[in-house]
Enquirer: 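Pasting in a structure now, in structure tokens, and then I'll have a few things to ask.
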Amino acid sequence: MGKNRKENHHKNDHSEKSKENKGGNIKEEKREQEKHLDERIEEIGQATLGDIHLLTIIGEVEGHDVLSNNTKTTKYEHILPQLAAIEDSREIQGVLVLLNTMGGDVEAGLAIAEMIASLSKPTVSLVLGGSHSIGVPIAVSTDYSFIVPSGTMVIHPVRMNGMVIGAPQTFEYFKQMQDRIAGFVESHCGVSAKRLEEMMMETGILTKDMGTILVGEDAVREGLINQVGGIREALGKLYEMMKETKVSASCDRDARYAE
């Protein structure tokens, strides 16, 4: 009996140590995951919240030219592969896009907008401080869009820095680029290309430039953004859309099996 008690005591000790080790490993794993998440947010401003991927468009959208280290940027070479990975992922079921951008490179911004628009997963955007210039197509590229009451959107004509050749072909190229932007925006929200061009060419709002500033409700009234709201409303809408997508997928499977 004494021997059995010793063996049982040894087994209990071993069991307790295993539990402690297991608990320690779980805590260590959690710490590593949190550290990885913090590093990812710090490096490229992205995170995964359960089955939702958080994508941030902040500062200036950087194109082929590298901007200075003092400028906050969104690099399209980071965003495009990430969007492709999101589309291919089975774990990620929805995408939330947070915007606070001054705009930037037109080609890079349109590339990001086209990628977001072509995702099969539900997508929602939220304009926070502002979504100006080429940030407008990115904001409207999602399935549903929000803007906070103090959020702004600046719509202005296409411009170029540096040396410009003063030839008719240059201005024709600018017009073509502007038409591409207007066409994309028109096809993804409730504003017409004609009205968008009118806002671009407005001369009575900006003191040193042409264009229009839309604040919160103004963007909704013009048909650019779907609704005024914050992070609670944006996440709530995304969860609702994700649920509808799952129900629709389930119905499609049932219909295929019935056939």
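Heads up: numbering here begins at 1 and tracks the sequence.
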Enquirer: Where the side chain of Asp51 meets the backbone of Glu91, is there a donor-acceptor pair that is under 3.5 Å apart?
Expert: no
Enquirer: Taking all non-hydrogen atoms of both residues into account, name the closest pair between Phe184 and Ser141 and its distance.
Expert: CZ-CB, 3.8 Å
Enquirer: So, taking the atom named CD1 in Ile138 and the one named CD1 in Ile112, what distance separates them when rounded to the nearest 0.5 Å?
Expert: 4.5 Å
Enquirer: What's the separation between atom CG in Leu96 and atom CD1 in Ile231, rounded to the nearest 0.5 Å?
Expert: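 If we round to the nearest 0.5 Å, Leu96:CG and Ile231:CD1 are 5.0 Å apart.
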Enquirer: Say whether, by atom type as modelled, one donor and one acceptor occur between the side chain of Glu114 and the main chain of Ala111 under 3.5 angstrom.
Expert: no
Enquirer: About how many Å separate CD1 of Ile116 and CG of Leu83, when rounded to the nearest 0.5 Å?
Expert: 5.5 Å
Enquirer: With a 3.5 Å distance limit and no angle check, can you tell me whether His132 reaches the backbone of Val154 through a side-chain donor-acceptor pair?
Expert: yes
Enquirer: Donor-acceptor check, side chain of Lys237 to backbone of Val124, threshold 3.5 angstrom: yes or no?
Expert: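 Absent.
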Enquirer: Would you confirm whether Ser187, through its side chain, and Gly183, through its main-chain N or O, come within 3.5 Å as a donor-acceptor pair?
Expert: yes
Enquirer: Can you name the closest pair of heavy atoms from Met153 and Ala139 and give their distance?
Expert: CE-CB, 3.9 Å
Enquirer: Any idea which heavy atoms bring Leu238 and Pro122 closest together, and the distance?
Expert: CD1-O, 3.6 Å
Enquirer: Please report the shortest heavy-atom distance between Met241 and Thr123, naming the atom on each side.
Expert: CE-O, 3.8 Å
Enquirer: For the side chain of Asp105 and the backbone of Val61, is there at least one donor-acceptor N/O pair under 3.5 Å apart?
Expert: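 No; judged by distance alone, with no hydrogens or angles, the pair does not exist.
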Enquirer: Strictly distance-based, threshold 3.5 Å: is any side-chain N or O of Gln93 a donor or acceptor partner for the main-chain N or O of Arg90?
Expert: yes
Enquirer: Indicate the atoms forming the closest heavy-atom contact of Val136 with Ser131, along with that distance.
Expert: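 So the minimum-distance heavy-atom pair works out to CG2-O, 3.6 Å.
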Enquirer: Between CG of Asp218 and CD of Glu222, what distance do you get to the nearest 0.5 Å?
Expert: 7.5 Å
Enquirer: Let me confirm one number: the CG-CD1 distance from Leu196 to Ile155, rounded to the nearest 0.5 Å.
Expert: 5.5 Å
Enquirer: Tell me, do Met242 and Ile52 make a side-chain contact under 4.5 Å, heavy atoms counted?
Expert: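 A side-chain contact under 4.5 Å exists here.
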Enquirer: To the nearest 0.5 angstrom, please state how far the CD1 atom of Ile92 sits from the NE2 atom of His53.
Expert: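 So the CD1 of Ile92 and the NE2 of His53 are separated by 6.0 Å.
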Enquirer: Might you point out which heavy atoms bring Glu107 and Met177 nearest each other, and give the distance in Å?
Expert: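 The pair with the smallest heavy-atom distance is OE2-CE, 4.3 Å.
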Enquirer: Determine, for Glu240 against Lys243, whether the closest basic-nitrogen to carboxylate-oxygen distance falls under 4.0 angstrom.
Expert: no
Enquirer: Do Val106 and Arg180 come within less than 4.5 Å of each other through their side chains, counting heavy atoms only?
Expert: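 No; the side chains remain at least 4.5 Å from each other.
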Enquirer: Salt bridge check, Glu198 against Arg195: does any charged N sit closer than 4.0 Å to a carboxylate O?
Expert: yes
Enquirer: Any non-hydrogen side-chain atom of Ile58 less than 4.5 Å from a side-chain atom of Thr101?
Expert: no
Enquirer: Just wondering, are more than 12 heavy atoms of other shown residues or ligands nearer than 6.0 Å to CE in Met102?
Expert: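 It does not: Met102 CE has 12 such atoms or fewer within range.
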